[in-house]
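None of these values were measured; they are calculated from a predicted model. Along the sequence shown, the residues carry numbers beginning at 1.
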Amino acid sequence: MLQQLDTWIRAIVRWFGYVPNRDLSGWVLLMIAIVLGLAVDLVVTQTVRFVARRRPYKTLALLKKHVRWSFWIFTPSLFFLLATNIQSERFLHRHPIADKAAEVLFLIVSTWFTVRLLKVAELVIIQEYDTTNDVNLSQRKFVTQVRFVRRSVAIGVMVIGVSLLLIAFQGSRKVGLSVLTSAGVVSVVIGFAAQKTLANLLAGIQIAFNQQIRLDDAVVVEKEWGRIEEINLTSVIVRIWDRRRLILPITYFVETPFENWTRSDASITGAVLLYLDYNTPVDIIRKKARELAENDPLWTGDVFAVQVTDTQPTCIVVRVLVSAQDAPSAFDLRCHMREQLIAFLREEYPQSLPQTRVTMGPDLKPVTE
């Protein structure tokens, strides 16, 4: 193969009618390889743009968004690497610096390109799944697993890329081999030094497949209600109801009790507490509450109850239970019921509402009379 390549190069040189400078010709070949790589980039991108214009494909749009720049560098680096390995010793002078630079550049760019392709593959797989609806439990479970697997594979690709990069340099060859083998005393030392990191990784694997939490689950953590926004390898980001973000280590959801309101079913029961006078007609309130619930589209019809759950020296505690399809709907439904029941009582039975007066005490704190 090399002899045939040497013959072709010799024929081309003789066809031009001169014998070039070997050192200069080596660099010329490398520059030509880079230009060819850029030309291939241009042809591919223009073809993709033409196809996307005629018929838009989601996959092409994702490739353009996530892989475009890595592809533009990957192709010239590939041609550059090939050029450094096919130079004819007889006609072209090999440049060790160019050879090493081509190898290092290709390793870095190919790692970057592979990681971006993994991201595109993840988005292609999950693009048909809706994780915003609490009812889609199986879909959110699948999306959570796909994202965790993609992140794990991406880390593996980066570790392999760094290891091969270290092996490319003579002085770091042993380090690169140690990273690849990950065995013996080095592994034990790394394990002791990174116990928390390894614990987070193992907790991430456990959560990905045991599904204590999924993307967009409604949870209560640290006395805050929110939704699972991101599940990373070592941390979980919870989007709190007021748009703040609570960042917790992933081991928190393995070691600490927490509330998951959408673990197996997104539906939830909401309670409205009313503190009313002893003379309040509970039957009439029950009838009115039923009418209000039936006219509210947020009520699912599964749960409804109006009960006196407690008595206090000055009032009774009336609890209204209603069901909704998810936590936000339950919150809104409770607000609707509370507002309309108070308005009904104020108009029809004003004496049933507690008659209290708030004044300021000597310590400037409110005092109820």
**Q** Which is it for Asp296 and Met337 under the side chain to side chain contact (heavy atoms under 4.5 Å, CB included) test, yes or no, and what are the steps along the way?
**A** CA-CA 9 Å; Asp296 199 311; Met337 297 290 294; 5.6 Å; no

**Q** Please give me the minimum heavy-atom distance between Val322 and Ala293, naming the atom from each residue.
**A** CG1-CB, 4.3 Å

**Q** Should Leu36 and Val40 count as side-chain neighbours, where that means a heavy-atom distance under 4.5 Å?
**A** no

**Q** Under 3.5 Å, is there a donor-acceptor pair between the side chain of Ser323 and the main chain of Asp302?
**A** yes

**Q** Which pair of non-hydrogen atoms, one from Arg346 and one from Pro350, has the smallest distance, and what is that distance?
**A** O-CB, 3.7 Å

**Q** Before giving the answer on side chain to side chain contact (heavy atoms under 4.5 Å, CB included), spell out for Val43 and Thr47 the whole-Å C-alpha distance, their side-chain angles and the decisive distance to 0.1 Å.
**A** CA-CA 6 Å; Val43 171; Thr47 303; 4.1 Å; yes

**Q** Is there a donor-acceptor pair closer than 3.5 Å between any side-chain N or O of Thr75 and the backbone N or O of Trp72?
**A** no

**Q** With a 4.5 Å cut-off on side-chain heavy-atom distances among I, L, V, M, F, W and Y, is there a chain of contacts connecting Leu321 to Leu298?
**A** no

**Q** Starting at CH2 of Trp69, measure out to CD1 of Ile73 and round the result to the nearest 0.5 Å.
**A** 9.0 Å

**Q** Side chains of Asn260 and Ile213: closer than 4.5 Å at any heavy-atom pair?
**A** yes

**Q** Would a distance-only check, ignoring hydrogens and angles, find a side-chain to backbone donor-acceptor pair under 3.5 Å from Arg334 to Ala271?
**A** yes

**Q** According to the interplanar angle, ranging from 0 to 90°, do the rings of Phe258 and Phe253 count as parallel (below 30°), tilted (30 to 60°) or perpendicular (above 60°)?
**A** perpendicular

**Q** Just verifying a value: how many Å separate Leu246 CG and Ile228 CD1, rounded to the nearest 0.5 Å?
**A** 9.5 Å

**Q** Does any N or O in the side chain of Asp217 come within less than 3.5 Å of the main-chain N or O of Val219, such that one atom is a donor and the other an acceptor?
**A** no

**Q** Search all heavy atoms of Trp225 against all heavy atoms of Ala327 and return the closest pair with its distance.
**A** CZ2-CB, 3.5 Å

**Q** Any link between Val220 and Ile240 through a network of hydrophobic side chains (Ile, Leu, Val, Met, Phe, Trp, Tyr) touching at under 4.5 Å?
**A** yes

**Q** How far does OG1 of Thr300 sit from CD1 of Ile268, to the nearest 0.5 angstrom?
**A** 11.5 Å

**Q** Which heavy-atom pair separates Ser235 from Ile247 by the least distance, and what is that distance?
**A** CB-CG2, 4.4 Å

**Q** Indicate the atoms forming the closest heavy-atom contact of Leu215 with Glu230, along with that distance.
**A** CD2-CA, 4.2 Å

**Q** Could you state the interatomic distance from CD1 (Ile231) to CZ (Arg147), rounded to the nearest 0.5 Å?
**A** 9.0 Å

**Q** Distance from Thr256 atom OG1 to Leu248 atom CG, nearest 0.5 Å?
**A** 8.5 Å

**Q** What distance separates Ile108 CD1 from Ser77 OG, expressed to the nearest 0.5 Å?
**A** 10.0 Å

**Q** Between Tyr275 and Gln312, do the side chains contain an N or O donor and an N or O acceptor separated by less than 3.5 Å?
**A** no

**Q** Which atom names give the shortest non-hydrogen contact between Val67 and Arg116, and what distance separates them?
**A** CG2-O, 4.0 Å

**Q** Taking Leu42's backbone N and O only, do any of them form a donor-acceptor pair with Gln46's side chain (distance below 3.5 Å, no angle check)?
**A** no

**Q** Can you find a pair of side-chain heavy atoms, one from Tyr252 and one from Val221, that are under 4.5 Å apart?
**A** yes

**Q** Within the distance-only criterion (no hydrogens, no angle test), does the side chain of Arg243 pair as donor or acceptor with the backbone N or O of Trp241 below 3.5 angstrom?
**A** no

**Q** Using modelled atom types only, decide if a donor and an acceptor are shared between the side chain of Arg286 and the backbone of Val306 within a distance under 3.5 Å.
**A** yes

**Q** What about Ile250 and Ile237, same hydrophobic cluster or not, with Ile/Leu/Val/Met/Phe/Trp/Tyr joined at side-chain heavy-atom distances under 4.5 Å?
**A** no

**Q** Linking I/L/V/M/F/W/Y whenever any side-chain heavy atoms sit under 4.5 Å apart, do Trp112 and Phe71 land together?
**A** yes

**Q** Please check: side-chain N/O of Thr262 versus main-chain N/O of Ala218, any donor-acceptor pairing under 3.5 Å?
**A** yes

**Q** Test side chain to side chain contact (heavy atoms under 4.5 Å, CB included) on Leu123 and His66 and set out the steps.
**A** CA-CA 10 Å; Leu123 295 176; His66 296 280; 3.2 Å; yes

**Q** Would you call the rings of Phe304 and Trp299 parallel, tilted or perpendicular if under 30° counts as parallel and over 60° as perpendicular?
**A** perpendicular

**Q** Any side-chain heavy-atom pair from Leu164 and Phe106 closer than 4.5 angstrom?
**A** no

**Q** Given side chain to side chain contact (heavy atoms under 4.5 Å, CB included), test Thr280 with Val318 step by step and report yes or no.
**A** CA-CA 10 Å; Thr280 303; Val318 178; 6.0 Å; no

**Q** Go through it in stages, so that I can follow the logic: the residues are Lys288 and Glu348, the test is salt bridge (Lys or Arg N to Asp or Glu O under 4.0 Å), and I'd like the CA-CA distance, side-chain angles, deciding distance and then a yes or no.
**A** CA-CA 11 Å; Lys288 183 62 177 179; Glu348 302 294 335; over 6 Å; no

**Q** Is Val282 reachable from Leu292 through a run of hydrophobic residues whose side-chain heavy atoms are each under 4.5 Å from the next?
**A** yes

**Q** Could you walk me through whether Lys287 and Glu291 pass the salt bridge (Lys or Arg N to Asp or Glu O under 4.0 Å) test, one step at a time?
**A** CA-CA 6 Å; Lys287 182 179 179 181; Glu291 177 186 343; over 6 Å; no

**Q** Does atom CZ of Phe331 have more than 12 heavy-atom neighbours, drawn from other residues, nucleotides or ligands, at distances under 6.0 Å?
**A** no

